[in-house]
Amino acid sequence: MPELPEVEVVRAGLAPAVVGARIVAVDARDARALTRHDGDAGSFERALTGRLITGVARRGKFLWMPLAPASADDAPRGAVIAHLGMSGQMLLRASGALVERHERVRLDVHHPDHGDLAVVFADQRTFGSLAIDDLVPTADGRVGGWGSDEALVPSQVVHIGRDPLDDAFDEAAVVARVRAKRSAVKRILLDQTVVSGVGNIYADEALWAARIHPETPGDALSVRAVRRLFAEVRAVLLKALAEGGTSFDAQYVNVNGQAGYFAHSLNAYGRDGLPCPRCGRPIVRDSFMNRSSHYCPRCQRPTGSAPLR
DNA sequence: CAATCTTCCTGCGCGC
DNA sequence: TGCGCGCAGGAAGATT
């Protein structure tokens with residue numbers, strides 16, 4: 001479920017509570033939440049207990065919490081990585097709080113200023129997961145992502161492209177990659193190795209704003225059209241972030257269990273049959289890549305039907 | 001090699 | 001009210 005804005009809301013909420021905190025106990029009650037972890041629940045629990053969290057970083061939809069070295073010869077450094085999948089949540093609770101619905105993993109932490117706290121990973125559909133991973137140098141030598149102050153990234157995040165809000169996002173290179181592909185532009189937007197952080201909601205919203213049909217091949221778009229698309233991607237991500245993310249139900253919430261407001265600002269996603277806010281024609285929903293695409297059939301013409309200025 | 005298909009889960013809302 | 005079906009914010013890994 002969560003895309004970049006929702007994951008960033010979680011990162012920003014987690015950071016003040018856990019940076020500088022020590023993990024005092026770990027309960028991995030559901031091993032399905034550790035599918036990215038190399039080892040069983042017991043090894044996860046033992047490896048994390050006693051460790052100090054030094055940060056909370058994000059690239060695209062991946063989160064990670066770097067750990068202080070366990071000993072002088074502990075290299076490479078480790079991190080707890082988290083991907084929320086479709087329905088994952090990170091919740092901050094009082095120490096000893098009742099088990100959450102869909103709770104999979106709990107970290108009990110002690111912070112020198114804030115005292116005892118529980119960090120709960122809850123996930124209805126279990127597509128999300130946590131893992132312990134090694135930090136490795138970034139390919140471009142820049143910091144790993146938002147919230148990171150080191151040129152390091154977990155090994156499982158190396159293949160993930162920079163997101164469009166990242167200072168190190170190389171727009172010229174990404175525009176060239178998009179234009180080198182014959183795939184549908186929406187598919188390219190959802191390919192996290194090209195550009196990260198964009199999922200089904202924000203892809204539909206950015207394409208609507210840029211007036212580009214989701215099935216337009218990447219190599220049919222002008223440089224100008226792709227640049228306009230990324231400008232709209234950035235705009236929609238920032239606006240959603242400012243509004244606390246998109247919440248349709250109880251699945252997407254911040255670390256305190258609160259919903260965001262961006263669902264009220266959607267122009268295309270989930271609005272099939274409702275008038276396009278720009279031209280009034282009903283928004284259409286198509287099946288695409290086993291998911292749904294929402295677009296305006298007048299404003300977003302397929303390739304060749306309207307000039308892509 | 002790049003593009004596409006399959007699979008992992010639970011739960012909700014809808015139509016019958 | 002109950003039941004089956006379709007659908008849901010993702011992405012790794014297999015397959016063509």
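Letters go in sequence order (proteins before strands), and every chain restarts at 1. Small disclaimer: the values here were computed from a predicted structure and weren't measured.
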**Item:** Audit row: A:Leu63, A:Trp146, side chain to side chain contact (heavy atoms under 4.5 Å, CB included) steps and yes/no
**Value:** CA-CA 9 Å; A:Leu63 286 172; A:Trp146 271 34; over 6 Å; no

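- Applying the side-chain hydrogen bond (donor to acceptor under 3.5 Å, both in side chains) test to pairs two or more places apart or on separate chains, those with a residue in residues 268-290 of chain A are A:Asp286-A:Tyr295.
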**Prompt:** Pairing of DNA chain B as dot-bracket, 5' to 3': ( ) intra-strand, [ ] crossing, | other strand, . unpaired, with Watson-Crick or G-U pairs under 3.5 Å?
**Reply:** .|||||||.|||||||

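- With values rounded to the nearest 0.5 angstrom, A:Phe248 atom CZ is found 5.0 Å from A:Leu266 atom CG.
- As a whole-Å value, the separation of A:Asn290 CG from C:dG10 C1' is 13 Å.
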**Message:** For a quick check, with a 4.0 angstrom heavy-atom cut-off, what is the B/S/- contact string for nucleotides 11-16 of chain C, read 5' to 3'?
**Reply:** SS----

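- Within 6.0 Å of the CG atom in A:Asp40, the count of heavy atoms belonging to other residues, nucleotides or ligands exceeds 12.
- In 5' to 3' order, the nucleotides of DNA chain B bounding all contacts with chain A (an atom under 4.0 Å from a heavy atom) are B:dA3 to B:dC12.
- Projected onto DNA chain B by closest heavy-atom contact, A:Thr126 and A:Met289 fall at different nucleotides, the more 5' of which corresponds to A:Met289.
- A close approach under 4.0 Å does occur between a side-chain nitrogen or oxygen of A:Ser292 and OP1 or OP2 of C:dA8.
- Under a hydrophobic clustering in which Ile, Leu, Val, Met, Phe, Trp and Tyr are joined whenever their side-chain heavy atoms come within less than 4.5 Å, directly or via other members, A:Met90 and A:Val109 fall into the same cluster.
- Pairs passing the side-chain hydrogen bond (donor to acceptor under 3.5 Å, both in side chains) check and including a residue from residues 160-173 of chain A, sequence neighbours excluded, read A:Arg58-A:Asp163, A:Asp140-A:Arg162, A:Arg162-A:Asp166, A:Glu171-A:Arg234.
- Legend: residues meeting ring-ring contact (aromatic ring centres under 6.0 Å, His included) with A:Phe288, ordered by chain and number and at least two apart, are absent.
- Considering only side-chain N and O atoms, A:Tyr202 lies nowhere under 4.0 angstrom from the phosphate OP1 or OP2 of C:dG9.
- The closest side-chain donor-acceptor pair between A:Ser129 and A:Arg36 falls under 3.5 angstrom.
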